[in-house]
Every structure is written in structure tokens, then in C-alpha cells.
Amino acid sequence: MSRITRQEQQARFWDLLSAVERTGMDKLIEWLNKTDYFTAPASSKHHGDYEGGLLEHSLNVYDEFNRLRSAYPEYPVSEETAVIITLFHDLCKVNFYATEKRNRKNADGQWEQYDFYTIKEKFCYGGHGSKSVFLLQNFIQLTPEEAVAINCHMGAWDGNKDVGNAYEHYPVAWMLHVADEAATFLTESEATRSDGETV
Ligand SMILES: [Fe+2]
Ligand SMILES: [Fe+2]
């Protein structure tokens with residue numbers, strides 16, 4: 001699977017966002033441009049643990065979500081909702097990571113410094129999906145299904161015992177959860193990726 005450049009990812013992001021006409025998007029975009037959304041990693045040491053990893057992951061989730069939309073046409077999802085919940089499900093990771101210098105031996109046995117991502121939370125909300133919902137709702141009004149989908153996108157990974165009920169009532173929430181896992185464990189997995197390219 002070939003990967004597109006970071007510039008192409010950003011162009012794709014803006015293109016997708018043009019489908020969203022919700023009140024407050026201008027304020028959300030103004031805020032986004034002041035954050036590290038476009039340069040942040042998706043994690044500190046797992047999937048997308050490199051500059052731009054969060055944007056790449058968000059686009060991958062959009063793609064996986066679209067595959068599920070095609071597989072389950074009986075559960076229609078508007079393009080606006082698809083874009084909002086996929087591109088912003090991990091908004092909680094904005095202004096969340098920092099880099100620090102660490103030492104390691106290179107292939108020649110020489111010590112070298114490298115940048116290592118660490119978590120340096122600047123807004124300790126106390127939740128993952130819930131924090132993304134809160135940040136989004138500072139700017140735009142989410143529909144109930146969008147809020148549930150983003151809040152429950154981690155499934156049982158973050159100890160949410162009511163997630164099954166949420167998925168039964170809001171199939172789009174289950175679809176976002178599965179899309180997030182597919183992007184993380186399939187598309188972005190070092191174990192299954194074979195292209196070896198970096199962006
Ligand atoms: Fe997440
Ligand atoms: Fe995610």
C-alpha cells in the first residue's frame with residue numbers, strides 16, 4: 001500500500017472538510033490551525049508515532065469507515081457526519097504530545113541522539129473520546145449519534161462498560177470503532193505494512 005505525502009494528506013483533509021457546512025466550522029478551523037493537529041503523532045510509541053501520524057491516522061479511519069458504509073448500506077451515514085467523526089475522533093491528541101531527546105546506539109555502535117515522543121497533556125480532561133467530544137462542541141454542535149460515536153470509538157479498550165448498548169442504539173458508533181481498529185491494526189501496522197516508505 002503506497003502512502004501519500006504529508007502535503008497530499010493535508011490537501012485531502014481540506015477537500016474532505018469542504019463537505020461540512022456546520023455552523024462554527026470557521027471557528028474550529030481557526031483553532032485547529034493554532035494547534036499541532038497537522039504535525040502531531042497518532043501515538044507516542046505505537047501506530048503513527050511520527051510527525052503527521054495523527055492526520056494520517058484520521059484519514060485512514062475515514063477510508064476504513066467508508067468501506068463499512070459500503071458494506072452496510074442499510075445504515076446510511078451522511079458525508080458530513082462521516083467526515084466529522086473520522087477526522088476528529090482523536091482530537092483529544094491535539095496539544096497532547098511533546099518530544100524529548102534520547103540516546104541510542106546506531107548501526108555502527110556509535111551513540112546518537114534521537115527525538116522520542118512523550119505524553120505531555122496540556123488539558124487533563126480525564127477521558128479520551130469524551131475529550132474529543134468536548135473540544136469539538138466548543139465550536140460546532142454534534143448530533144447525538146456523532147457524539148456517541150466519538151465518545152465510544154475506543155470500544156472496551158478504555159473500560160467503557162456501556163459501549164455495547166451504545167453500539168446497538170447507534171450503529172454508526174460501532175462502525176467508527178471498527179474503522180479505528182482497522183486503521184490502527186491493519187493499515188498502520190508495522191507488522192503488515194510492506195512498503196517501507198516514510199512521509
Ligand atoms: Fe482514539
Ligand atoms: Fe484513532
Side-chain angles (χ1 to χ4, degrees), residues 1 3-4 6 9-10 12-13 16-17 20 28 31-32 35-69 77 81-98 117-140 142 145-164 166-167 170-193 199:
M1 188 178 299
R3 298 166 70 192
I4 60 176
R6 199 172 311 145
Q9 288 170 0
Q10 290 191 14
R12 213 178 150 220
F13 172 88
L16 290 172
L17 221 60
V20 180
L28 173 60
W31 175 76
L32 264 187
T35 71
D36 61 353
Y37 179 86
F38 298 101
T39 55
S43 74
S44 60
K45 53 181 181 290
H46 298 291
H47 71 107
D49 57 347
Y50 43 78
E51 188 175 330
L54 177 59
L55 174 61
E56 182 178 28
H57 169 69
S58 303
L59 291 168
N60 287 337
V61 173
Y62 174 82
D63 289 337
E64 294 302 322
F65 188 83
N66 264 344
R67 291 169 71 172
L68 289 163
R69 284 166 92 188
V77 184
T81 289
V83 169
I84 289 172
I85 65 174
T86 57
L87 297 188
F88 300 128
H89 74 285
D90 275 338
L91 202 61
C92 55
K93 294 179 177 175
V94 157
N95 298 335
F96 182 70
Y97 296 103
Y117 280 108
T118 57
I119 292 172
K120 202 164 187 180
E121 176 64 289
K122 295 171 190 64
F123 174 38
C124 297
Y125 187 78
H128 180 80
S130 58
K131 182 185 165 190
S132 295
V133 169
F134 176 84
L135 291 173
L136 277 168
Q137 299 223 109
N138 281 336
F139 305 102
I140 62 172
L142 297 174
E145 71 169 0
E146 290 166 354
V148 172
I150 295 171
N151 186 48
C152 297
H153 79 263
M154 292 297 285
W157 286 99
D158 57 2
N160 184 348
K161 293 192 176 71
D162 290 330
V163 77
Y167 293 163
Y170 298 97
V172 65
W174 176 80
M175 290 163 67
L176 179 64
H177 168 59
V178 174
D180 188 37
E181 289 204 326
T184 302
F185 297 120
L186 302 181
T187 314
E188 297 158 26
S189 165
E190 290 298 327
T192 55
R193 272 190 30 211
V199 290

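Remember, it's 1-based here, ligands and their atoms both numbered in the order they're listed. Numbers for residues simply follow the sequence, beginning at 1.
In summary, H153 places an N/O/S atom under 2.8 Å from the Fe ion (ligand 1), meeting the contact criterion. For the Fe ion (ligand 2), the set of nearby N, O or S atoms under 2.8 Å includes one belonging to H89.
A salt bridge is absent between K122 and D36; no separation between the charged side-chain nitrogens and carboxylate oxygens falls under 4.0 Å.
Nearest to the Fe ion (ligand 1), among the N, O or S atoms that D90 has, is OD1.
Ring geometry, H89 versus H153: the interplanar angle exceeds 60°, so the pair is classed perpendicular (tilted spans 30 to 60°). Taking the six-membered ring where the residue is Trp, F38 and F13 present perpendicular rings, their angle passing 60° and hence far from 30°.
Between the OD1 atom of D180 and the NE2 atom of H57, the angle centred on the Fe ion (ligand 2) amounts to 80° when rounded to 10°.
Residue W157 qualifies as open at atom CH2: its count of foreign heavy atoms under 6.0 Å is 12 or below.
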